Amino acid sequence: MSLTPDLVDELSTLTTSLRGALKEYPDFPTPGILFQDILPIFATPSLHASLLRALEIHLTHTFPPTLSPPFAGIDAIIGLEARGFLFGPSLALKLGAAFVPVGYKKEYGEDFFEMQKGAVKKGSRVVIVDDIIATGGSAEAAEVLVNMCGGTVVEFCFLMELEFLKGREKLGAPVFTLLTWQEEERGEGVV
């Protein structure tokens, strides 16, 4: 389903204001990296609302509710620790979906991703959200957890993407990114 011209205009206005709110820190955390800070979006209630509205527009038009199974366009939003926890619950609430946090911990040099048992029901249609996709490892780990529970990841949704790292190539569902930068556009890495 394509967006109406009014929604295209609204989405364009929202993404422009969100992009303008990002704070840039050159050479952080290392020389040659331009760090894009998303936290100013959450410090301003109107920007936080704009972020939720932009994602809501995309998701409700990509996965509209239907009169036949699956009835809900999306059954669950999975937020990746930690920044996916900032907007995942509010987005799930707007969409009438469950929110499921996926936690991360490191023990003895190994990475572990975990979620509550039974949080994703068999047959659930799931969107995985986070602030940024870089290498795709965290999102891929969450996708494995969803598949183990019998759910289906229908999309990955990120605020930003480091396209030059090709993280989306690891993922088994479409990727939507609200704001993107190319390494070549800025002449430096962007985080």
Side-chain angles (χ1 to χ4, degrees), residues 3 7-8 10-63 74 77-92 94-95 99 101-104 111 113 126-143 153-191:
L3 295 175
L7 287 176
V8 169
E10 182 182 1
L11 191 55
S12 176
T13 300
L14 292 169
T15 56
T16 298
S17 69
L18 291 168
R19 190 174 285 118
L22 299 176
K23 235 178 151 180
E24 295 183 347
Y25 294 96
D27 297 319
F28 180 80
T30 60
I33 298 295
L34 178 63
F35 182 79
Q36 299 280 344
D37 185 6
I38 66 163
L39 292 181
I41 292 171
F42 299 100
T44 307
S46 62
L47 289 170
H48 190 168
S50 292
L51 169 64
L52 294 173
R53 177 63 181 148
L55 296 175
E56 178 188 26
I57 288 169
H58 166 71
L59 291 170
T60 57
H61 285 82
T62 304
F63 305 102
I74 297 166
I77 296 288
I78 294 205
L80 301 182
E81 188 176 343
R83 302 238 170 136
F85 293 4
L86 292 176
F87 61 96
S90 301
L91 180 60
K94 282 184 101 36
L95 298 172
F99 175 73
V102 169
Y104 166 83
D111 297 333
F113 292 85
V126 173
V127 173
I128 296 175
V129 302
D130 202 5
D131 64 330
I132 192 165
I133 178 172
T135 64
S138 298
E140 181 184 33
E143 182 178 25
V153 176
V154 295
E155 186 172 89
F156 293 88
C157 192
F158 302 99
L159 303 187
M160 298 187 298
E161 179 174 4
L162 303 179
E163 293 177 359
F164 65 95
L165 293 176
K166 302 182 185 322
R168 68 173 50 224
E169 293 177 6
K170 291 182 178 178
L171 306 177
V175 174
F176 172 76
T177 305
L178 200 55
L179 311 168
T180 61
W181 285 269
Q182 286 280 353
E183 177 181 40
E184 298 79 25
E185 289 176 12
R186 303 296 296 251
E188 53 197 322
V190 179
V191 176

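Residue indices begin at 1 and follow the sequence shown. Everything numeric in this text was worked out from a predicted model, so none of it was measured.
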A side-chain contact here means heavy atoms from C-beta on lying under 4.5 Å apart; do [X] and [Y] qualify?
X: L171; Y: I133; result: yes
X: M160; Y: D131; result: no
X: L159; Y: L55; result: yes
X: F156; Y: I128; result: yes
X: L86; Y: I41; result: no
X: F63; Y: V154; result: yes
X: K94; Y: T60; result: no
X: L178; Y: L51; result: yes

Nearest 0.5 angstrom please: [X] [atom1] to [Y] [atom2], how far?
X: F35; Y: Y25; atom1: CZ; atom2: OH; result: 8.0 Å
X: E140; Y: R168; atom1: CD; atom2: CZ; result: 15.0 Å
X: K166; Y: E161; atom1: NZ; atom2: CD; result: 10.0 Å
X: T62; Y: E155; atom1: OG1; atom2: CD; result: 5.5 Å

(Q) Classify the ring geometry of F42 against F87: parallel below 30°, tilted from 30° to 60°, perpendicular beyond 60°. (A)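 Judged by the thresholds at 30° and 60°, the geometry between F42 and F87 is parallel.
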
Closest non-hydrogen atom pair, [X] against [Y]:
X: L39; Y: D37; value: N-OD1, 3.0 Å
X: L162; Y: A134; value: CD1-CB, 3.9 Å
X: F99; Y: G79; value: CE1-N, 3.5 Å
X: G103; Y: E81; value: CA-OE1, 3.1 Å
X: L80; Y: A142; value: CD2-CB, 3.4 Å
X: A54; Y: L18; value: CB-CD1, 4.5 Å

Test your reading of the model: is there a side-chain donor-acceptor pair from [X] to the backbone of [Y], 3.5 Å cut-off?
X: T15; Y: L11; value: yes
X: E143; Y: G172; value: yes
X: D130; Y: G84; value: yes
X: K170; Y: T135; value: yes
X: S17; Y: L14; value: yes

Q | Trace of the side-chain contact (heavy atoms from CB on, under 4.5 Å) decision for L59 with L91 | A | CA-CA 10 Å; L59 291 170; L91 180 60; 3.9 Å; yes

(Q) Checking I38 against L22 for the side-chain contact (heavy atoms from CB on, under 4.5 Å) test, could you report, in this order, the C-alpha distance in whole Å, the side-chain angles of both residues, the deciding distance, and whether it holds? (A) CA-CA 5 Å; I38 66 163; L22 299 176; 3.8 Å; yes

